[in-house]
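As structure tokens, the structure follows; a few thoughts come after it.
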Amino acid sequence: MRVLFGLAAGLLLLLAAQPLMPAYRSSRDVLAPPGRGHLLGTNDIGQDVLTGLLHATPNTVLMALAAAAVATAAALIVAGVAAAASATIRNMILRLVDALQVVPSILILLFIGTLMQPGLTGLAVLLGLTSWHEDVRVALAMLRRELQRENVRFARHMGASRTYCLRRHVLPAIRPALAALYLQNIRQVTLRAAGLAFLGLTDPRLLTWGGMMQDAMEHLYTPAWLWLLLPPAFALTAFLLIMLLLIENDPAGARA
Amino acid sequence: MTAGAIPISGRAWAAALLWGLTARFAVLMLVVLVIFILPRLLPGDPLGVMLSSDYTQNLSEAGLAELRARMGLAGGWAEQFGAWLSDLLRGDLGYSATHARPVATLIAESLPWTLLLILGAMPVYLVLAALAGIGAGRAAGGGFDRGLTGFVTVLASIPPFVTAILLMLGLAILWPVFPAGGALPMLPSDQLMIRTGQIARHVILPVTALALHEFARFYYLARGEAVVLAHRPFVMNAVARGLPPRRLLTEYYGRNILPIFIARLSDSVSGLVSAVVIIEIVFSYPGIGGLIYGAILDRDYTLLQGTTIAVAAGLLALNWLIDAAGTALAGRG
């Protein structure tokens, strides 16, 4: 979790430093191969690819962190409602959640993306609201396990309020598992956002790795794919890989 | 038949099925609502979008009104929704203006191509993942396991469209052994044998991309199970008896992994469809994904709506059937 806070802080810094970075502007060096002037070459309107990657990093990653936060929070809230509700209602919620999982979220995302081409905030909300249902079952299992433990029962018996128990007993206990869920959500959301950007269904002004790959698709038949396609593809894969390694090395276990 | 013999479990089974159906129907209604309401909340309407493109221009007021009525945009929201819903219930998904054909026909024409990709990839990744997973899992921590698991970890982090582009780049553009897109050449042969060969040549790259994407999921599953199985007494006993490795693989590991694979297969359908949509787009394959992408590019909302609802409904129905079959099988023991 600490890694993520560090990452978020670093990215915010990068975002704040964006005015200091060289601007991502077009120049006359069109489709220049990597070399001294442009370390990773330039694209078809003369924008420096390395600068583009740097500008796209906070957009891509912060959006994923925010969307995953929305998804995890929504899942936790629904799971909380289900845990507090009677068995019939809980069953109903779970059945609905199961049925929601059957519909591929990409269908809804493609539809909404076509209609409104969301920007940074829109994308975070949209992706968050289309991925929460995958975590409800896991979150509910965690919540119920913790709620039935004796420390919570004792506290309740001694007159502690529900909010107190939740804050002091339940949340600290499920925090590591929640962190693992959050990391998994980051991966999911990054994949979906990159797919949407790759199809040109995000705000065209929003520079992301997926969007850079879409621009590179026109150059598959020229040597320019080498420096237009590979850097954003590599950045995307590296980010997803780091997230996966974080999940796997988490001792608290993704096996919540 | 068996349900009659054990009335209680039979009734519970029916109740579970009914509940499942209700939940899936509710979700379908949610999808329908989202798809109906969202376009109407935004400034402008599908007609305006269509008119701003160059399909229809210089229409008179009367012509506009007629077009509006034909696209189901006349009257209030409730009226529109009622008309649209009753069309949907009759199986009428609307009429695509850009293709000049009913949406249902277009879907029926694209569906076989998507099924070809999915059914072509499924045996490949299931068998390979089972073999690789068992091989790695029964000697967990060994060189083969570490190498392969490392490779799969990287593979699992490559988005499906990146795999697809790299495959296309490598095997269709830089070293053109396979066609880069489509399902058939420009002028397909009318001889059955040659035509089948042409289809097979076009299907190889998209199927490989899809199989690579799904491989990781089932590899982890098979490996995890094989790690456990390798320490089970009946397997250790069989190894000590010197059972032929092939029998050990099929009868001991394979048989125990099969039910887990089948259970996971029905969960993985939604991810599979997401991947196939995006892979079809990269390879301009004429399946459902290609159809959706075409609708997006043309801003053909009728087609986009119809396809989205049809795919969602189809998947929900399929999932319900698998669920029912699974419950029935579990009930039998």
Side-chain angles (χ1 to χ4, degrees), chain A residues 91-116 130 133-134 187-188 190-196 198-201 209-210 213-214 216-217 220-223 225-226 229-230 232-234 236-245 248, chain B residues 19-20 22-28 30-31 34-35 38-39 41-42 49 153-154 156-162 165-166 168-169 172-174 180 266-267 269-275 277-278 281-282 289 292-293 295-297 299 301 304-305 307-309 311-313 315-316 318-320 323:
Chain A
N91 264 330
M92 261 161 67
I93 293 179
L94 284 180
R95 276 181 194 284
L96 272 180
V97 163
D98 285 349
L100 270 179
Q101 285 194 31
V102 179
V103 181
S105 47
I106 194 159
L107 283 180
I108 304 297
L109 286 175
L110 288 179
F111 188 78
I112 300 178
T114 312
L115 284 175
M116 48 178 81
T130 45
H133 51 275
E134 290 151 18
R187 268 176 66 84
Q188 284 294 337
T190 311
L191 271 172
R192 282 175 194 157
L196 272 190
F198 172 70
L199 299 180
L201 296 181
W209 295 333
M213 293 190 59
Q214 194 219 1
M217 285 301 279
L220 282 187
Y221 289 88
T222 68
W225 64 267
L226 199 64
L229 181 71
L230 290 190
F234 183 76
L236 201 56
T237 305
F239 177 66
L240 289 168
L241 186 61
I242 292 171
M243 289 298 128
L244 187 60
L245 293 178
E248 282 182 351
Chain B
W19 265 110
T22 318
R24 287 178 181 86
F25 190 71
V27 167
L28 185 62
L30 194 71
V31 173
V34 164
I35 282 172
L38 271 179
L41 283 183
L42 294 172
V49 173
T153 308
V154 175
S157 295
I158 306 179
F161 61 91
V162 177
I165 298 170
L166 291 181
M168 182 163 108
L169 202 57
I173 295 177
L174 297 181
S266 99
D267 294 345
V269 168
S270 138
L272 189 66
V273 171
S274 297
V277 164
I278 214 151
I281 293 173
V282 172
I292 292 179
Y293 192 54
I296 292 172
L297 290 183
R299 295 290 186 265
Y301 287 103
L304 191 58
Q305 283 178 351
T307 319
T308 307
I309 290 176
V311 174
L315 286 176
L316 284 164
L318 181 71
N319 179 266
W320 183 67
D323 227 32

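Values below: all heavy atoms of this structure, side chains included; hydrogens, waters and symmetry mates excluded. In what follows, chains are A, B, ... by sequence order, proteins preceding strands, each numbered from 1.
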How would you list, by chain and number, every residue that makes a side chain to side chain donor-acceptor pair (under 3.5 Å) with R95(A), sequence neighbours excluded? none
Below 4.5 Å from any heavy atom of chain A, which atoms of L318(B) appear? Answer side chain, backbone, both or neither. neither
Give the C-alpha distance, both sets of side-chain angles, the deciding distance and a yes or no for side chain to side chain contact (heavy atoms under 4.5 Å, CB included) between M116(A) and L38(B). CA-CA 10 Å; M116(A) 48 178 81; L38(B) 271 179; 4.2 Å; yes
Measure distances from L174(B) to the heavy atoms of chain A and classify the residue's part below 4.5 Å as side chain, backbone, both or neither. side chain
Using heavy-atom distances under 4.5 Å, tell me whether L166(B) contacts chain A through its side chain, its backbone, both, or neither. side chain
Quick one: OG on S274(B) to CD on Q188(A), what's the gap to the nearest 0.5 Å? 9.0 Å
Answer with side chain, backbone, both or neither: which region of L109(A) has an atom nearer than 4.5 Å to a non-hydrogen atom of chain B? neither
Would you give the length of the straight line joining atom CD of Q214(A) to atom CG of L196(A), rounded to the nearest 0.5 angstrom? 11.0 Å
Most contact-rich option vs chain B, by heavy-atom pairs under 4.5 angstrom, among G200(A), P104(A), A194(A), is P104(A)
What part of L169(B) lies closer than 4.5 angstrom to a heavy atom of chain A: side chain, backbone, both or neither? side chain
Can I309(B) and I35(B) be said to form a side chain to side chain contact (heavy atoms under 4.5 Å, CB included), step by step? CA-CA 8 Å; I309(B) 290 176; I35(B) 282 172; 3.9 Å; yes
Max heavy-atom pairs within cutoff under 4.5 Å with chain B, candidates N91(A), I106(A), V103(A), V102(A), goes to V102(A)
Where does L244(A) contact chain B at under 4.5 Å (heavy atoms): side chain, backbone, both or neither? side chain
Which is it for S157(B) and M243(A) under the side chain to side chain contact (heavy atoms under 4.5 Å, CB included) test, yes or no, and what are the steps along the way? CA-CA 9 Å; S157(B) 295; M243(A) 289 298 128; over 6 Å; no
Using non-hydrogen atoms only, which part of L315(B) is less than 4.5 Å away from chain A: side chain, backbone, both, or neither? both
Do D323(B) and S266(B) make a side-chain contact, defined as non-hydrogen atoms from C-beta onward lying under 4.5 Å apart? no
Counting only heavy atoms closer than 4.5 Å, note whether L28(B) contacts chain A via side chain, backbone, both or neither. neither
Mind checking whether L107(A) and I292(B) have side chains closer than 4.5 Å, heavy atoms only? yes
For A295(B), which atoms come within 4.5 Å of any heavy atom of chain A: side chain, backbone, both, or neither? neither
When I108(A), L199(A), L236(A), L201(A) are compared by non-hydrogen pairs under 4.5 Å with chain B, the top option: L199(A)
Closest contact, heavy atoms only, L229(A) versus I165(B): CD2-CG2, 3.5 Å
Nearest heavy atoms of T114(A) and Y301(B), plus distance in Å: O-OH, 4.0 Å
Quick check on F25(B) against chain A: is it the side chain, the backbone, both or neither that has a heavy atom closer than 4.5 Å? neither
Of L30(B), T308(B), V162(B), I296(B), the largest count of non-hydrogen pairs under 4.5 angstrom with chain A goes to I296(B)
Is there side-chain contact between F239(A) and R187(A), with at least one heavy-atom pair below 4.5 Å? no
Under 4.5 Å heavy-atom distance to chain B, tell me which part of I242(A) shows up: side chain, backbone, both or neither. neither
Which portion of R192(A) sits near chain B, non-hydrogen atoms under 4.5 angstrom: neither
Applying side chain to side chain contact (heavy atoms under 4.5 Å, CB included) to Y293(B) and L297(B), what does each step give before you reach the verdict? CA-CA 6 Å; Y293(B) 192 54; L297(B) 290 183; 3.7 Å; yes
Which atoms of F111(A) approach chain B - backbone, side chain, both or neither, heavy atom under 4.5 Å: both
Under a 4.5 Å heavy-atom cut-off, does chain A meet the side chain of I158(B), its backbone, both or neither? both
Relative to chain A, which segment of V269(B) carries a heavy atom at a distance below 4.5 Å: side chain, backbone, both, or neither? neither
